[in-house]
Amino acid sequence: MTLYQPPSDGFWTRLDRRLRVSEYAQDRSSNHDLDPVPPAERTWTGLDFTTYWISDNFSPQGWRKVASLVTIGMSWRTALINVAISDIVVGAVVTANGYCGARYRVPFAIQSRVSFGYYMSWLPILLRCIVGIFWYGIAAYTGGECVRSMLYAIWPSFRNLKNQLPESANIDTQMMISYFIYWLSILPLHYVHISKIRWLFTLKSITLPIVGFGIMGWTIKHAGTGNNSLWSQGNTVHGSAFSWVFMQGLYSNIGGWATLGMNSPDFTRYAKRPRDSLWMLIALPASATLIAFFGVVSAAGSITLYGSVLWDPLLFIDKWTSAGGRAAAFFCALGFYFAQATNNISANSISAANDLNCLFPRYINIRRGQFIVSVLGTWALTPWNVLTSATSFLSFMSGTAVWLAPLCGILISDFYLVHRRRYDVWQMYDSRGIYRYNKFGTNFVALAAFTIGWAPLLPGLLPKVNSNITVPVGVERLYYCGYFYGFLSAAGSYWLLSMVFPARRTMLKRGVFPDDEPYVVRDEGEDEIDDENRPSSTEGTVECEEKKQDL
């Protein structure tokens, strides 16, 4: 007699089980990294947010901020004021949107469901993810340049390494070796969870200002602070033309930070207390303006020392070829390397990984997502090919603020004006909950406000991508006001439309936080969820208790 043996699982079933994230919860299509941050992982203090932004701004990109503004006609003084104003605006936006994450402990991808609807939220998530992957690749190339400067300092003969790659490759052997070393060396950092990586920002905030002040002090000692072509140069544009050049500079600088304005909840959710995230309001603009000033001093000194303006700090330290100079160059390049690596992780890798996590929670968490972003951004994108047409491409990438600014405006308007900081965190994870809005999972008010925010700006973007396209002066000037127009018009129209067409079931009298029990949601025909429907700690239903255990 043969005993019955159940059929064994097929290949695809076993593969699915092996690839699935161990903490995946099917009932809410989520996993541990997507769930609200538990108390044990709320570790970031106000000091951690301060050191985060100090380390984030001390990068080659931060050093070069003034360069592009001087190129379009500003003096270094005016350019520095432009940078300061831009970063004050960015600091306000990042802090305002980040407070939602600090309060409800959810990432941007989950937060966006409240404003856009459960399924329409995929639009801002996908856009943010794609932009993050692209910027990761571009930043990785700069990281490779940092490694190349270190190799120049260690082995001077590396400068003379023969190129073995064809010209069509758009990259030489030196840079390819440096680029590969950079990519390989930062992979272990992707393994560290964001709640535990704050120590690296603290270390950077101590070492990088030493590098910055060191380069500035060395420059002043050897080049002095006398008049030269940069120090004495005034604005080369005047009148109304200057006003629009100034606006162009604001848009360029703010647009480069547009992604962080959206996804700041990805890291503020780890705040020990919600008010700790408010430190960013001062730390971001102060550190960004300081590092930009360092760039001005070294660029002015390079005219006296080397006969040309060197805005790139890596090109500047590459000139230090004596024995002692090479040692100093190595440590400076090492500092910029760490700045670039952690900047790329915090601004692009973790954020894009959070987006992938939300899109594919069954198979991707933050750690897996970061490795996917690293491979796609570093090798699939091939940034050295992208940068061969750097002007048009980088103009387009900065131009993504055309879409990101309205999205960010809607998020902030929803949190402060429409729902007045009262969300139900439990309902964000329910595909049939109050934030579904309708059978399409779409908040059409948000869709309308988003269109109002970006559609008028799109014609002004086209000439930046293709120089053969011309548009009226008024269209171009509206584009230079793009971040302000896109943000404010979308935020304002979303608020007004929400007053005219209120989603009553989403309006709460009190917010529901991760440590609270959930509301009992009324039937579809009823208007509002109020505190009378909220179960007490002693009378909660079994369903509520089970859901609390899950989250």
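Every heavy atom of this structure was used, including side-chain atoms; hydrogens, water molecules and symmetry mates were not.
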inquiry  = Over 60° means perpendicular and under 30° means parallel, so tell me whether Phe450 and Trp454 are parallel, tilted or perpendicular.
reply    = tilted
ask   = Do Asp56 and Leu260 have side-chain heavy atoms sitting under 4.5 Å apart?
value = yes
note = Nearest heavy-atom approach of Pro60 to Gln340 is CD-OE1, 3.4 Å
query = Any side-chain heavy atom of Phe116 sitting closer than 4.5 Å to one from Leu123?
reply = no
request  = Measure the spacing between NZ of Lys65 and OG of Ser252 and express it to the nearest 0.5 Å.
outcome  = 9.5 Å
Aromatic ring proximity Trp135/Trp257, centre distance under 6.0 Å = no
request  = Indicate yes or no: at least one non-hydrogen side-chain atom of Pro361 is less than 4.5 angstrom from one of Val21.
outcome  = no
request  = Measure the spacing between CD1 of Ile110 and CZ of Phe108 and express it to the nearest 0.5 Å.
outcome  = 10.5 Å
key: Nearest-0.5 Å distance that lies between atom OH in Tyr270 and atom OG1 in Thr43   = 9.0 Å
remark   = The single option from Leu447, Ile452, Val418 that satisfies side chain to side chain contact (heavy atoms under 4.5 Å, CB included) with Tyr494 is Val418
task = Indicate yes or no: does Arg64 engage Asp312 in a salt bridge with an N to O separation below 4.0 Å.
result = yes
task = Taking all heavy atoms of Leu250 and all of Ser86, pick out the closest pair and write down the distance.
result = CD2-OG, 3.2 Å
message = Within the structure provided, determine whether Leu80 and Arg77 are in side-chain contact (heavy-atom separation under 4.5 Å).
response = no
inquiry  = Once rounded to the nearest 0.5 Å, what's the spacing between atom CG of Leu281 and atom CH2 of Trp53?
reply    = 12.0 Å
ask   = Looking at Asp266, Asn97, Asn263, Asp414, which hits side chain to side chain donor-acceptor pair (under 3.5 Å) with Gln111?
value = Asn97
key: Atom CZ of Phe331: over 12 foreign heavy atoms under 6.0 Å   = no
task = Mind listing the closest non-hydrogen atom pair of Asn82 and Gly249 along with its distance?
result = OD1-C, 3.3 Å
inquiry  = Show the nearest heavy-atom pair for residues Ala491 and Ser413, with the distance to one decimal.
reply    = O-OG, 2.9 Å
inquiry  = Less than 4.5 Å apart, side chain to side chain, heavy atoms only: is that true for Thr45 and Trp279?
reply    = no
note = Partner of Tyr423 under ring pair (Phe, Tyr, Trp, His ring centres under 6.0 Å), picked from Phe415, Tyr429, Tyr416, Phe513, is Phe415
task = Scan Phe371, Tyr141, Trp379 and name whichever one has a ring pair (Phe, Tyr, Trp, His ring centres under 6.0 Å) with Trp183.
result = Trp379
request  = Give a yes or no on this: more than 12 heavy atoms of other residues, nucleotides or ligands lie within 6.0 Å of atom CH2 of Trp218.
outcome  = yes
Expected output: side-chain Thr289 to main-chain Ala286 donor-acceptor under 3.5 Å = no
Sidechain N-carboxylate O distance under 4.0 Å for Asp276, Arg103 = no
key: Asn443 and Ser115, any side-chain heavy atoms less than 4.5 Å apart   = no
remark   = CG of Asn344 to CD1 of Ile186, rounded to nearest 0.5 Å, is 6.0 Å
ask   = Do Pro209 and Ile54 come close enough that some side-chain heavy atom pair is under 4.5 Å?
value = yes
task = Could you tell me which non-hydrogen atom of Ser349 sits nearest to which non-hydrogen atom of Tyr136, and how far apart they are?
result = CB-CE1, 3.8 Å
Heavy atoms of other groups near Arg275 CZ, more than 12 under 6.0 Å = no
task = Verify, without hydrogens or angle tests, whether Ser351 (side chain) and Asn348 (backbone) share a donor-acceptor contact under 3.5 angstrom.
result = no
message = Can you tell me how the ring of Trp76 sits relative to the ring of Phe293, calling it parallel under 30°, perpendicular over 60° and tilted otherwise?
response = tilted
inquiry  = Check whether Tyr118 forms a cation-pi arrangement with Arg113 (NZ or CZ under 6.0 Å from the six-membered ring centre, at most 45° off the ring normal).
reply    = yes
inquiry  = Please report whether the ring centroid of Phe484 lies less than 6.0 Å from that of Tyr251.
reply    = no
note = Taken to the nearest 0.5 Å, the spacing of Arg420 CZ from Leu417 CG works out to 8.5 Å
message = One pair to check against ring-ring contact (aromatic ring centres under 6.0 Å, His included): Phe336 and Trp63. What are the steps and the verdict?
response = CA-CA 10 Å; Phe336 284 119; Trp63 196 278; 5.6 Å; yes
query = Do the charged groups of Arg367 and Asp33 touch, with an N to O distance under 4.0 Å?
reply = no
request  = Scan Arg269, Arg105, Arg28 and name whichever one has a salt bridge (charged side-chain N to carboxylate O under 4.0 Å, His left out) with Asp35.
outcome  = Arg28
ask   = Where is the tightest heavy-atom contact between Asp318 and Ser149, given as atom of each residue plus distance?
value = OD1-OG, 3.0 Å
ask   = Just wondering, are more than 12 heavy atoms of other shown residues or ligands nearer than 6.0 Å to CG in Leu187?
value = yes
Side chain proximity check, Phe487 to Leu407, heavy atoms < 4.5 angstrom = no
ask   = With no hydrogens and no angle check, do the side chains of Gln370 and His190 hold a donor and an acceptor under 3.5 Å apart?
value = yes
